[in-house]
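Reading through the structure tokens given below for one structure.
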Amino acid sequence: MAKERTYKTTGIVIRKTKLGEADRILTFFTPDYGKIQGFAKSVRKTNSKLSGHLELLTYSSLTLTKGRGIDTVIGSQNIDSFLSIKNDLYRISYALYMAELIEHFATDEEANPELFDLYLGCMKELGRTPYPLYLLRYFEVNLLTNTGFRPEMDQCVICQTEITRSNHGGFSPSAGGMLCSNCRDHSHYYGYPLSWRTCQLIKDLQKYSWEELENEPPDSSILNETEMLLKRYITFTLEKEVKSYAWLNHLRLLADVK
Amino acid sequence: MPELPSDPINSLIKELSSLPGIGPKSAQRITYYLLRTNETQVTALADALITLKKKTKLCRICCNVSENDICSICSNPNRNPTLVLIVEQPQDIVAIEHTGAYHGRYHVLHGSISPTEGVGENDLRIQELLARLQDGAVKEVVIGTNPTREGETTALYLKKLISPLGIKVTRLARGLPFGSELEYADDTTISNAFEGRQDF
Ligand SMILES: [Zn+2]
Ligand SMILES: [Zn+2]
């Protein structure tokens with residue numbers, strides 16, 4: 001969509017960077033223009049009319065004007081501030097992690113309404129579901145599918161043999177999915193071992209809606225294994241460490257101590 | 001014109017540009033201003049910069065910037081030692097002291113937790129805070145981190161760490177700013193203002 005000189009859209013603030021004394025550069029994920037940046041003047045002052053409407057992880061309507069470099073935000077109004085996560089350390093941290101993934105995977109200035117719907121839907125669900133870690137896995141798997149990095153779980157990525165309970169030979173991030181046991185033994189790809197139930201869970205996450213999945217949450221050992229595997233795959237795909245992983249690990253240790 | 005590292009004008013412009021809020025244009029303007037200024041004035045500025053670095057350290061108790069091992073607030077017998085207000089930056093103390101409304105002590109974290117920027121517990125003065133809370137002298141901790149997503153994350157995290165120590169944890173009220181209009185307030189601020197409403 002070509003932008004007018006002054007244009008309106010909606011977006012979720014996925015990143016903010018301080019600029020000068022009191023300004024910010026914000027990164028929005030929008031349904032109309034994909035990932036865009038906006039300059040927000042004086043939003044770090046307590047009397048700014050815009051600041052709360054432009055805080056990290058808020059979904060707001062936006063009015064921007066085109067600039068020579070970066071566009072300037074001239075108006076904003078909350079649509080959804082995801083109030084049900086605001087007093088929960090864990091859920092805020094999960095939401096920040098999702099924002100970081102969107103920042104890495106979404107394309108600049110290119111509309112991707114399906115990805116926006118996935119992200120917005122997961123942000124809303126995060127404040128409601130009793131299974132936030134399960135929801136994060138659903139988000140990751142569908143984010144990967146949407147952006148063209150869907151891991152192959154149904155057949156061996158080398159020989160195309162169907163992957164079954166008896167022949168599954170592990171998961172190879174660099175090959176892009178499952179290996180059969182034969183190819184694992186006879187190719188240069190390394191297959192990280194995973195249980196058959198984890199393999200099935202990822203297939204289910206690729207196939208079913210969240211409403212269907214939420215009725216049958218997996219047990220925590222399967223969920224942990226899935227998390228480790230996806231973390232490995234995402235890190236390989238991005239070719240960099242996702243910064244939030246360190247914090248999520250830290251929180252997990254804190255919870256285990258209690 | 002080739003940029004030589006030894007060129008005094010360009011090297012000053014480069015140093016100034018790295019400061020927060022100063023772009024290359026401002027850096028250039030300041031450099032040429034200093035070039036025209038008399039030497040006494042420039043020497044005073046240079047001395048002030050060096051003194052800032054050489055003569056200040058972090059207070060051993062509260063981590064505020066100080067000229068001595070213990071800052072003037074921590075060593076003041078009139079400040080309530082059982083009450084500690086946690087802030088993100090030394091500048092926050094300046095704003096609060098200006099009101100004269102607070103008589104306890106402080107603790108400066110030097111930042112806030114920001115998982116997506118890679119800022120975690122070890123980048124902040126949290127271990128120093130926990131160490132100072134061990135002896136039971138502090139009865140109440142007031143969390144005064146900013147009402148931003150990072151400030152809230154930090155506040156919730158600190159509450160989790162401090163509550164098990166049996167110390168009362170409170171949070172500075174996050175509501176409607178004075179001089180603003182309700183009509184323009186965002187949802188989070190209004191929601192916080194309701195949660196923090198008081199008998200009147
Ligand atoms: Zn094979
Ligand atoms: Zn001190």
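Below, chains carry the letters A, B, ... as their sequence lines are ordered, and counting in each starts from 1.
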Residue part contacting chain B, namely of [X], when any heavy atom lies under 4.5 Å:
X       : answer
L57(A)  : both
R44(A)  : neither
H250(A) : side chain

Side chain, backbone, both or neither: which part of [X] has a non-hydrogen atom closer than 4.5 Å to chain A?
X       : result
A185(B) : backbone
I113(B) : side chain
E117(B) : both
S180(B) : neither
T153(B) : both

Q) After noting the C-alpha distance and the side-chain angles of K86(A) and E152(B), does the key distance pass the salt bridge (Lys or Arg N to Asp or Glu O under 4.0 Å) rule? A) CA-CA 8 Å; K86(A) 84 175 166 67; E152(B) 292 292 299; over 6 Å; no

Is the NZ or CZ atom of [X] both under 6.0 Å from the centre of the six-membered ring of [Y] and within 45° of that ring's axis?
X       : Y       : value
K231(A) : Y245(A) : yes
K49(A)  : Y184(B) : yes
R232(A) : Y192(A) : yes

Q: Determine, stepwise, if the pair E140(B) / T170(B) fulfils side chain to side chain donor-acceptor pair (under 3.5 Å).
A: CA-CA 7 Å; E140(B) 180 179 347; T170(B) 55; 2.9 Å; yes

Q: Run through Y131(A), Y134(A), F139(A) and flag the one making a ring pair (Phe, Tyr, Trp, His ring centres under 6.0 Å) with W210(A).
A: Y134(A)

Q) In terms of heavy-atom pairs under 4.5 Å with chain B, which of N87(A), I92(A), V242(A) leads? A) N87(A)

Q. Looking at S60(A), G52(A), S76(A), which has the largest count of heavy-atom pairs under 4.5 Å with chain B?
A.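 Ranked by contacts with chain B, first place is G52(A).
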
Q) With distance as the sole criterion, is a donor-acceptor pair present between the side chains of T82(B) and N80(B) under 3.5 Å? A)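 Yes, N80(B) and T82(B) have a side-chain donor paired with an acceptor closer than 3.5 Å.
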
